[in-house]
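This report refers to the structure that appears directly beneath it.
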Amino acid sequence: MKNKNHLQKMKENKEKIAMMTAYDYPSAKLCQQSEVDMILVGDSLGMVVLGYDSTIQVTVEDMIHHGKAVKRGADDTFIVVDMPFMSYHLSIENSLMNAKRLYQETGGQALKLEGGSQEVITLVEKLTNAGIPVVGHLGLTPQSVNVLGGYKVQGKDKEKAQKLFDQALQLEKSGAMALVLECVPKELAEMVTNVLSIPTIGIGAGNMCDGQVLVYHDVLYYGVDRLPKFVKKYGDVNGATTTAIQAYVSEVKTGSFPTAEHSFTMDPQALPDKKLED
C-alpha cells in the first residue's frame, strides 16, 4: 500500500499521482485493480450516487457508510475520506469527535478538509498532532459554493490569488500531507506546486500539479448527463448500460429470455399431481 511517505517521494521524484473518487465496493475494487495511487471517498457522493443537488446534505453517517464499503473494495490503496458539510465548523471538540469517527470507522488513511480559514488551519494542526493525516482543499470548495457564488474558477485576480497562495503555505505549515487545488488557473496551481514541499492534486488546475483527481462516474460517463470543462471522458458506460438494459427488456417482452441455457430442469415424474389431495 502506498502510504504518506511514498506519496511524498512520488512528488520528490516527479512521479505523477493518479487519484480517483470511489463511493462503493465495486468502484473501489476496479480503481485498485487499475493501480490508482489514491482513492478519494468524496462528499460528491451526495450528487453522484445519492441524487442531491449539492454536497451540503451529506452527513458523517453517509461518509462512514460509503467509506467502509470503499475500504472493503480497496484494502491496499491509500484512501482519503472527506469530512462533510458542518462536521468541522461548530467547535474544535465537535470537529475532533467527527474526525475520530470518520478515521476509525472507515479505516481510511487520511481525512480531507475544505478551505483555508484560521479555524481550518487550527484543526489541521490538531488532527495532525493527534495522528490523523490531513489533505487540504483550496480553490473551488463545493461545501461553500453558495458563499462563492456558484461553481466557477477561483483565484483569478491578484487579491484572491494571493489569499489562496498564503492559505496553501499555512496548510502545509500546519501539517497537511497534501493539497487538492480545484478550479484554479493553471499558472497559480503551478506556482503553489513549485513552492510547497507536499504533493498537490489538481482538478481543473492544469497539468503542472503533482497529481490529478477526477470523479469515477465522470471518467466513465456513468449516470451523468454533462461534464465540467476540466473532465476528459475515457468511456461511455451510459451508452453501454442503456443498450444492455434495452436488450434485456426486449427479450423479456418477446419471451426469448430466459432460454433453456438459463433454466433448470427436473424429472417430469417428480412433478406434483395437478389434482389436489382431499
If you compare all heavy atoms of [X] against all heavy atoms of [Y], which two are closest, and at what distance to 0.1 Å?
{"X": "Gly155", "Y": "Ala161", "answer": "O-CB, 3.5 Å"}
{"X": "Leu127", "Y": "Ala99", "answer": "CD2-CB, 3.5 Å"}
{"X": "Thr128", "Y": "Gly175", "answer": "OG1-O, 3.6 Å"}

[X], [atom1]: over 12 other non-hydrogen atoms inside 6.0 angstrom:
{"X": "Asp157", "atom1": "CG", "result": "yes"}
{"X": "Lys16", "atom1": "NZ", "result": "yes"}
{"X": "Lys233", "atom1": "NZ", "result": "yes"}
{"X": "Met10", "atom1": "CE", "result": "yes"}

| query | Is it true that Leu30 and Met38 fall in one hydrophobic cluster, defined by side-chain heavy atoms closer than 4.5 Å? | reply | yes
| message | For residues Met208 and Leu188: do they belong to one hydrophobic cluster (side chain heavy atoms under 4.5 Å, members Ile, Leu, Val, Met, Phe, Trp, Tyr)? | response | no
If you define the side chain from C-beta out and look only at heavy atoms, does anything of [X] sit under 4.5 Å from [Y]?
{"X": "Leu113", "Y": "His137", "answer": "no"}
{"X": "Val153", "Y": "Leu140", "answer": "no"}
{"X": "Asn98", "Y": "Tyr88", "answer": "no"}
{"X": "Pro84", "Y": "Val60", "answer": "yes"}
{"X": "Pro228", "Y": "Asp218", "answer": "yes"}
{"X": "Val213", "Y": "Met20", "answer": "no"}
{"X": "Asp62", "Y": "Leu50", "answer": "yes"}
{"X": "Leu214", "Y": "Phe230", "answer": "yes"}

| Relative to each other, are the rings of Phe257 and Tyr248 parallel, tilted or perpendicular (30° and 60° limits)? |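 Answer is perpendicular, since the angle exceeds 60°.
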| request: Apply side-chain contact (heavy atoms from CB on, under 4.5 Å) to Lys11 and Ile198, showing your working. | output: CA-CA 7 Å; Lys11 176 183 175 82; Ile198 59 174; 5.6 Å; no
| Evaluation steps, side-chain contact (heavy atoms from CB on, under 4.5 Å), between Leu179 and Leu181 | CA-CA 6 Å; Leu179 177 64; Leu181 295 171; 3.8 Å; yes
| remark: Checking Gln162, Gln170, Lys163 against Asp166 for side chain to side chain donor-acceptor pair (under 3.5 Å), the one that qualifies is Gln162
In a table with atom names and distances, give each donor-acceptor pair under 3.5 Å that connects a side chain of residues 64-72 to protein atoms at least two apart or in another chain.
from  : atom 1 : to     : atom 2 : distance (Å)
His66 : ND1    : Tyr23  : O      : 2.8
Lys71 : NZ     : Gly107 : O      : 3.4

| field | Given Ile132, Val81, Ile79, the one that forms side chain to side chain contact (heavy atoms under 4.5 Å, CB included) with Gln109 | value |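 Filter result, single survivor: Ile79.
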| said: Using side-chain contact (heavy atoms from CB on, under 4.5 Å), reason through Ile39 and Val80 one step at a time and then give a plain yes or no. | reply: CA-CA 6 Å; Ile39 289 176; Val80 181; over 6 Å; no
| side chain to side chain contact (heavy atoms under 4.5 Å, CB included) partners for Glu12, two or more places apart |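 Side chain to side chain contact (heavy atoms under 4.5 Å, CB included) check on Glu12 returns Gln8, Lys9.
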